[in-house]
Amino acid sequence: MHKIAVVTGAGSGIGRAVSLAFLNGGYRVVLAGRRREALEETIVAAGSAGERALAVPTDVRTPDSVRALFQRVEESCGRLDVLFNNAGLGAPRVPLQDITYEQWRDVVDVNLTGAFLCTQEAFRLMRNQSPRGGRIINNGSLSAHSPRPDSAPYTATKHAITGLTKSTALDGRRFDIACSQIDIGNAATELTERMNHGVPQADGAVAVEPRMDVTHVGNAVLHVANLPVEANILFMTIMATKMPFVGRG
C-alpha cells in the first residue's frame, strides 16, 4: 500500500522537487498550491509516477481552503502519512523601516499562518486515523538561523517556524506524530536565480553565491519522511557547500 503525502507549494521549486522525490519513492502525493496549471506541470514532470498524484488548488492563508484540502485527502486517500509544509513567500528586499504593513502581513500569512493551519488539520487527521500517527516536515531555511540584509518579514517567520516545529514535535508525542524541520540554503530554483548575478552580503558587498541541485533537497526530505515514527531528525540543514553561511555576518 502506498504511503500518502501532502506537499504545499508543489507547483514549483522545492515543492516540485520534493513532490517528484515522493512520487518516485512510491508515495501517493496530494499537490497543493494556488495555481492548478503549475500543479499539473509537476504531475507531467513525474512521468508515469504522476498517476499517483492529485492536484488540489489551495490557498494556505485561508482556513476554509486548508480545511477543504485535508477533507479531500481523507476522502480520496483515507489517511495521511506525511505533510511537507513548504508554501512560502519572500518579501521584496526592503529596509526594515520601510516595510509596509501589507508586505509584513502577506509574508506572515503564507509562511507562518499557512504552515500552522496545515499542521493543525494534518494533526487532527493523523491522531484519529488507524494506524495512528504520521510525520510533519517544515521547510525552515537558513534564515531560521541567520538573516540576510533587509529581510525582516521572511526571517521572522522562519524563526517562528522553528518554534512551531518544536511545539508540534512535543504535542505530537502522545499521538505518534513526529515533526521535523529542514533548513535549506541556496537550492537552485527560480527564486535563487539572482544569486548567479550577485546578492547583497552583511558587510554591504555584493557577491555571487554557489547553488546546489534542488534534487538533493527532494532526496533529503524523502529520507526524513521514510523514517519510522519512533525515530526523528528534528532539524536538518542542507546547503550549497561553498555558500557564505558559516561565518556570515
Side-chain angles (χ1 to χ4, degrees), residues 2-92 102-103 105-126 134 136-139 141 154 157 161 182 184 187-193 214-215 217-218 221-222 225:
H2 299 291
K3 287 187 175 182
I4 311 301
V6 169
V7 178
T8 67
S12 63
I14 289 169
R16 176 171 289 175
V18 171
S19 298
L20 295 177
F22 278 145
L23 288 166
N24 291 331
Y27 281 72
R28 290 183 65 189
V29 183
V30 178
L31 311 176
R34 280 185 280 184
R35 298 183 297 120
R36 176 178 287 277
E37 60 272 20
L39 301 177
E40 296 291 349
E41 288 171 5
T42 298
I43 293 175
V44 170
S48 60
E51 296 176 357
R52 286 182 272 104
L54 173 65
V56 182
T58 306
D59 185 347
V60 298
R61 301 170 297 181
T62 307
D64 287 346
S65 185
V66 172
R67 196 172 300 115
L69 166 65
F70 286 90
Q71 287 175 348
R72 185 76 180 277
V73 171
E74 187 171 19
E75 292 166 1
S76 300
C77 305
R79 67 175 288 109
L80 175 62
D81 296 290
V82 180
L83 164 65
F84 181 46
N85 270 322
N86 168 70
L89 181 67
E102 289 75 20
Q103 288 172 325
R105 183 65 182 269
D106 284 347
V107 177
V108 172
D109 283 352
V110 175
N111 295 8
L112 181 56
T113 303
F116 166 74
L117 292 173
C118 290
T119 294
Q120 189 175 56
E121 290 299 324
F123 204 96
R124 289 167 174 164
L125 183 53
M126 289 174 174
I136 297 169
I137 305 171
N138 294 324
N139 183 345
S141 168
Y154 186 80
T157 58
I161 286 294
I182 184 163
I184 302 161
T189 67
E190 299 91 334
L191 291 178
T192 61
E193 189 67 34
V214 71
T215 303
V217 177
V221 174
L222 180 64

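This chain uses plain numbering: 1 for the first residue, then up along the sequence.
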Peer 1: What are the two closest heavy atoms between G9 and N86, and how far apart are they?
Peer 2: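 What the structure gives for the nearest pair is O-ND2, 3.2 Å.
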
Peer 1: Which value, rounded to the nearest 0.5 Å, describes the distance between L191 atom CG and S12 atom OG?
Peer 2: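 Separation between the atoms: 6.5 Å.
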
Peer 1: Step by step, work out the side-chain hydrogen bond (donor to acceptor under 3.5 Å, both in side chains) result for D59 and S65.
Peer 2: CA-CA 6 Å; D59 185 347; S65 185; over 6 Å; no

Peer 1: Regarding R16 and E41, does a basic nitrogen lie under 4.0 Å from an acidic carboxylate oxygen?
Peer 2: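 Salt bridge flag = yes for E41 with R16.
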
Peer 1: What distance do R61 atom CZ and D106 atom CG have between them, rounded to the nearest 0.5 Å?
Peer 2: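 The CG atom of D106 is 7.0 Å from CZ of R61, to the nearest 0.5 Å.
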
Peer 1: So which atom in T8 and which in A87 form the shortest heavy-atom distance, rounded to 0.1 Å?
Peer 2: OG1-N, 2.9 Å

Peer 1: Do E75 and R72 sit within salt-bridge range, that is, some charged N less than 4.0 Å from a carboxylate O?
Peer 2: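 The answer is no: the pair does not qualify as a salt bridge.
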
Peer 1: Which one of I14, T192, T189, V214 satisfies the side-chain contact (heavy atoms from CB on, under 4.5 Å) criterion with I184?
Peer 2: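 So, applying the side-chain contact (heavy atoms from CB on, under 4.5 Å) to I184 and each of I14, T192, T189, V214, only I14 qualifies.
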
Peer 1: For V217 and A187, work out which heavy atoms get closest and say how close.
Peer 2: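 Looking at all heavy atoms of both residues, the shortest contact is CG2-CB, 4.0 Å.
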
Peer 1: Does some side-chain heavy atom of L20 sit less than 4.5 Å from a side-chain heavy atom of V18?
Peer 2: no

Peer 1: Tell me which one of N138, N139, I136 satisfies side-chain contact (heavy atoms from CB on, under 4.5 Å) with F84.
Peer 2: N139

Peer 1: Using a 6.0 Å cut-off, check whether atom CD of E51 has over 12 heavy atoms from anything other than its own residue.
Peer 2: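 Count not over threshold, so no.
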
Peer 1: Quick check for you: to the nearest 0.5 Å, what is the distance between F123 atom CZ and F70 atom CZ?
Peer 2: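 If we round to the nearest 0.5 Å, F123:CZ and F70:CZ are 13.0 Å apart.
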
Peer 1: Side chains of L69 and V30, heavy atoms from C-beta outward: is any pair under 4.5 Å?
Peer 2: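 Heavy-atom side-chain distance check passes, below 4.5 Å.
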
Peer 1: Minimum heavy-atom separation for I4 and V73, please, with both atom names.
Peer 2: CG2-CG1, 4.4 Å

Peer 1: Taking all non-hydrogen atoms of both residues into account, name the closest pair between M126 and L83 and its distance.
Peer 2: CE-N, 4.2 Å

Peer 1: Which atom names give the shortest non-hydrogen contact between A115 and N85, and what distance separates them?
Peer 2: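 Residues A115 and N85, closest heavy atoms: O-ND2, 3.4 Å.
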
Peer 1: As an exercise, state the distance from CZ of R34 to OG1 of T62, rounded to the nearest 0.5 Å.
Peer 2: 9.0 Å

Peer 1: Could you tell me whether the side chain of H2 and the main chain of G26 form a donor-acceptor pair under 3.5 Å?
Peer 2: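 A pair under 3.5 Å: yes.
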
Peer 1: Atom CZ of R36 and atom OG1 of T58: how far apart are they, to the nearest 0.5 Å?
Peer 2: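 Going from the CZ atom of R36 to the OG1 atom of T58 covers 9.5 Å.
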
Peer 1: Is a donor on one side and an acceptor on the other found under 3.5 Å between the side chain of R28 and the backbone of A53?
Peer 2: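 Side chain of R28 to backbone of A53: no pair is present.
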
Peer 1: Are the side chains of L54 and L31 in touch, meaning some heavy atoms are under 4.5 Å apart?
Peer 2: no

Peer 1: To the nearest 0.5 angstrom, please state how far the OG1 atom of T157 sits from the CG atom of L89.
Peer 2: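 One finds 9.0 Å between OG1 of T157 and CG of L89.
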
Peer 1: Any heavy-atom pair between the side chains of I137 and V221 that's under 4.5 Å?
Peer 2: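 Of all side-chain heavy-atom pairs linking I137 with V221, at least one is under 4.5 Å.
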
